[in-house]
Amino acid sequence: MSDLSLTDVFLTGMLTYGPPAFGLALLLGALGVPLPGTLFVLAAGAFGRQGIIDLAAASGLGLVGAVLGDSAGYVVGYFAKGWVARRFGHSTAWQNAQQTFEHRGGLAIYLTRFLLTPVAVPTNLIAGGSGYSFWRFLSYDVAGEFTWLILYGGLGYIFGSQWEAINQFISDFSGLLVGLVLFGAGLYLLLRRRSQNRRARQKWSTAGG
Amino acid sequence: MTPSDKRGPARSRWEQRLTIGLIILGLILIGFFGFRAMRSFLRIQFTGLEPGVTDVELIRGWMTVPYIATAYGVPEAYIFERIGVPSADNQTKSLRRLNADYFNGEPEAILTAVKAAIRQYQAERPPPGADHE
């Protein structure tokens with residue numbers, strides 16, 4: 001019991017100070033401080049069931065905290081845009097990434113709020129840095145964070161005192177999903193590269209023959 | 001050779017490294033978290049989830065006495081009395097903090113005392129209908 005952690009400090013804070021401590025924990029987590037946001041949401045749901053915390057106030061302050069933290073990440077990315085453009089602006093890969101984010105960024109923002117949570121902070125930075133519209137970012141962000149609070153807060157409420165067991169599974173499953181997404185992206189690049197090489201060889205042999 | 005021609009091989013190398021990196025990192029994460037997810041899923045299946053369960057083994061160092069009192073249905077004053085800690089100024093402190101303040105930081109001392117207090121209370125006052133089961 002000697003290893004005091006920041007997570008424990010916030011859990012005690014939630015019991016003592018209620019929704020403001022919960023909102024602060026989610027704000028810091030969204031800013032990139034290594035805090036387990038999903039664990040706090042599950043705990044808030046369980047505390048709500050036990051009558052320890054006011055669920056309506058916790059949902060409101062939690063949403064405000066998470067959205068403020070995400071927006072701050074977007075702003076940091078936005079101000080780093082100049083540096084990124086100077087450094088990578090000429091790169092076709094970066095231009096392609098920007099275009100891709102412009103078209104599919106909404107889905108990425110929404111899914112990283114509650115399903116692929118380990119990559120939420122980098123997504124905020126990329127959204128700001130790629131010039132993605134702030135209002136579009138905000139609308140997908142609010143929708144995603146709301147889903148996160150309802151989904152995991154609901155699980156915490158349903159499973160009550162056993163929320164810790166659920167948290168372990170959710171955290172591991174989320175890591176597994178991120179692994180699958182990265183592997184899928186690598187596989188996609190590999191297949192695209194092979195197809196490009198095949199086309200180039202065919203073109204070359206046609207021109208030569 | 002134009003500058004864009006020079007960039008071609010460099011870009012190709014960069015993409016190749018990115019592709020290999022993504023596949024390797026993806027596989028590592030799939031292996032690591034896949035194993036852990038399977039293990040935690042089996043653990044949940046094995047133990048079963050009973051939302052109303054208030055097992056004293058779930059008491060943690062971050063919990064406060066008022067929270068434990070509410071969660072386990074034991075009067076706050078009873079727990080403070082049994083563990084020998086005054087309730088004044090100690091209601092917002094975690095068990096970990098109380099352990100440091102009143103048990104000389106002796107590991108697990110307060111956890112053992114709180115668990116014993118709750119078991120004692122539950123033994124003295126069994127829940128209604130428990131004797132008919």
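The chains referred to below are lettered A, B, ... by the order of the sequence lines, with proteins before strands, and numbering in each begins at 1. As a basis for the values below, the full set of heavy atoms in this structure was taken, side chains included, without hydrogen atoms, waters or symmetry mates.
A donor-acceptor contact under 3.5 angstrom links the side chains of A:Q50 and B:Y67, judged on distance only. With hydrogens and angles left out, the side-chain atoms of A:S205 and A:R201 include no donor and acceptor closer than 3.5 Å.
A:F137 has its side chain within reach of A:N124: a pair of non-hydrogen atoms, C-beta onward, lies under 4.5 Å apart. At least one side-chain heavy atom of A:R113 sits under 4.5 Å from a side-chain heavy atom of A:D141. Residues A:L176 and B:I30 form a side-chain contact, since some pair of their non-hydrogen atoms from C-beta on lies under 4.5 Å apart.
Contacts between B:T70 and chain A at a heavy-atom distance below 4.5 Å involve the side chain alone, from C-beta outward. Proximity to chain B (any heavy atom under 4.5 Å) is shown, for A:L11, by both the backbone and the side chain.
For the set A:I170, A:T12, A:T7, A:L180, the count of heavy-atom pairs under 4.5 angstrom toward chain B peaks at A:T12. The greatest number of non-hydrogen atom pairs below 4.5 Å with chain B, out of A:A185, A:S174, A:G175, is found for A:G175.
Relative ring orientation between A:Y132 and A:F101 is described as perpendicular, the plane-to-plane angle rising above 60° on a 0-90° scale split at 30° and 60°.
Using a 4.5 Å cut-off between non-hydrogen atoms, the part of residues 18-26 of chain B that approaches chain A consists of B:L18, B:T19, B:L22, B:I23, B:L25, B:G26. Against chain B, the residues from residues 22-48 of chain A that qualify, each with a non-hydrogen atom under 4.5 angstrom away, are A:F47 in number order.
The environment of OH in B:Y102 is crowded: more than 12 heavy-atom neighbours from other residues, nucleotides or ligands sit within 6.0 Å.
Between A:P19 and A:I53 the shortest heavy-atom distance is CD-CG1, 3.8 Å. For the residue pair B:T64 and A:L15, the shortest heavy atom distance occurs at N-CD1, 3.8 Å.
Between A:Y110 and A:Y140, the distance separating the two ring centers is not shorter than 6.0 angstrom. Residues A:Y152 and A:F114 place their aromatic rings such that the two centres sit no closer than 6.0 Å.
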